[in-house]
Amino acid sequence: MPIYAPTLPPAPDLHQGHPPALVLMRFDLARLWRQKIGRFFGFAFLMILLWKVARIYVDHLLQTNPAFKPMQDFAKTILTQGAAFQADLLNPASYLLWFLVALVGGGLVARDTLYRVRPLMYAHPVAPKDYLLAKLGFASLLPFAILLPFALLPWLMSLVLAGLHGPVWVTAPLRLLPAMAISSVLMGSLAVGASSMASTPRAGIGWVLGLVLGTGALSAMLRGLTGIQAFDALNPVELAEAWPQLFVGVDRPLVAWLPAILGTAFHTGLWTFVAARRTRPSEAVI
Amino acid sequence: MITLDRASLRYGPILGLSPTTFELPEGGGITGLLGPNGAGKSSLLQLLSGLLPPSGGEVKVFGEAPFRNPAVLSRLGLVPEGDRLPTGLRADRWLRMMGELSGLSGEGLKAAMIRSLDTVGMADRAHLTFARMSKGMRQRIRLAQALLHEPELLILDEPFNGLDPEARLTLMALLRDLAAKGTRILVSSHILGEIAQLTDRILLLFRGRLLAEGTVTEIRQLLDRHPVELRLTGEAQILARWAVEQPELAALRMEDGAVVISVRSPRDILPRLQKAAAEGHIPLLALDPLDLNLDAVFQYLTKDHA
């Protein structure tokens, strides 16, 4: 017969903790921090950022130092200061950023699938929406955090060096930050959706890259067949590059407003839906 | 503590668990969930650990439906089947995350980690990565994870799979100790010996149906179709002569120096046998029940329902 004990010891207080989504995001961040891929990407993005900041400083010198007067006309041709220049601030080697998102985001859900961690998480007070929120949040915050210095540092430097009439518009962050947010959510949802379809982190990376390149090829094919430029909105890389252009008002953006809205909604909705379906408790077999 | 009222689980067209009704009372103790592969053990555990809602009927743990119910989930601990853990990850970091997901933080979490690692005997090795741990060590860490928030109900799915005999015995001792301290433990296994070593109270599942519930003796007594076999060792001729006079006798066979009798109601015949032996009417040296064990019960039940 079983042994019955009269009482249990007092239960610990379980209501002091942090929200589950925050716990999971912090765990993923710590794991990423321990991995060494950050060194390569950190160096690469730092170099690109320095180049962009250096361009602003050179522009400042050309404007203010008489010794550079003869070079001004030449400089104007390479230092565009219109809307395209503002939008270009958020273009830190777009493919490199997508590659980073694939490398990190591709394993976010797939790793938990491989190690069957999800059933264990769902047996804790963690709802599937907490899990999805954590993964989407992390995958979206990563590109956002990388893009943030590209939007703010040149703007700050321009403001310090040349005041209100610098090469970066004073209102640039107001236009660039929403564009960054949309592009980041697009990247994050695609990465998490792709990762949820994979059973290993490597396969997840393959899925992300496959979806990015595959939808890009599909959009190019459809545009080539029909001649309709709006099909470019199927290409997530072009979409991510188009949003800063749209917000700063570039004359000929890669994708127009309506196709960009529809394309982004399509990708974000589809991949979030896929991720939600693939991370349901019923998919978590114990 | 656990109540199932005609609870069933379907995976699309496949019935994982037929409508099942049973109740486990409050308090500590170990209950074995026994059945061959595909019997529905994992389906039942998924229902109890709140991973899936029942397709029909009702499941209640601590008086509430466990599906997506933090009030229930924070009171139970789960050790799922399998040995897959993130190989490059340190056990203590994994435990910390799991503790935080249970709602622990700060000093409370630290104390819980120390306590649960002490309980499973892994306090000095928690800094190792999973890749550097043996299977037994990893299983103990998984158990520590389930114990962090001091659950009242501990659910273990095939916890002995792949463990060597020593690690198996260590884990069994650990579970017995936890049960003695008041934790209700539900252990699933498809290996009879493991459950028989661990507990007497079983839930027997077969092909998605709950065939029996209770102690081995209780269940055996309900199997009227299969008379209990008793081996009487001694003077076989005299013992056989005594046995054929008993109304409960269903069958008899002679062995070398013993007689094996099948009786329908052992509770009635055993006092008479005891009395006859005590008074010297029969030369009885030993009495062995041959099919009063879990193995026999399992065989009879599964044959009857096959």
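The chains referred to below are lettered A, B, ... by the order of the sequence lines, with proteins before strands, and numbering in each begins at 1.
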Select one option (side chain, backbone, both, neither) describing which atoms of [X] are under 4.5 Å from chain A's heavy atoms.
X       : result
B:Leu85 : backbone
B:Ser43 : neither
B:Leu89 : side chain
B:Arg93 : both

Tell me whether [X] at atom [atom1] has more than 12 heavy atoms from other residues, nucleotides or ligands lying less than 6.0 Å away.
X        : atom1 : result
B:Trp94  : CH2   : yes
A:Phe273 : CZ    : no
A:Phe99  : CZ    : no

(message) For the CZ atom of A:Arg280 and the CG atom of B:Leu52, what is their distance to the nearest 0.5 Å?
(response) 10.0 Å

(message) If I take atom OG1 from residue B:Thr87 and atom OH from residue A:Tyr115, how far apart are they, to the nearest 0.5 angstrom?
(response) 3.5 Å

(request) Specify the closest pair of heavy atoms between A:Leu120 and B:Met98, including all atoms of both residues, with the distance to one decimal. (result) CD2-CE, 3.8 Å

(request) Might you point out which heavy atoms bring A:Pro125 and B:Leu101 nearest each other, and give the distance in Å? (result) CD-O, 3.4 Å

Part of [X] lying under 4.5 Å from any heavy atom of chain B:
X        : answer
A:Ala123 : both
A:Arg34  : side chain
A:Pro19  : neither

(message) For chain A, which candidate among B:Arg96, B:Arg68, B:Met97 shows the most heavy-atom pairs at distances under 4.5 Å?
(response) B:Met97

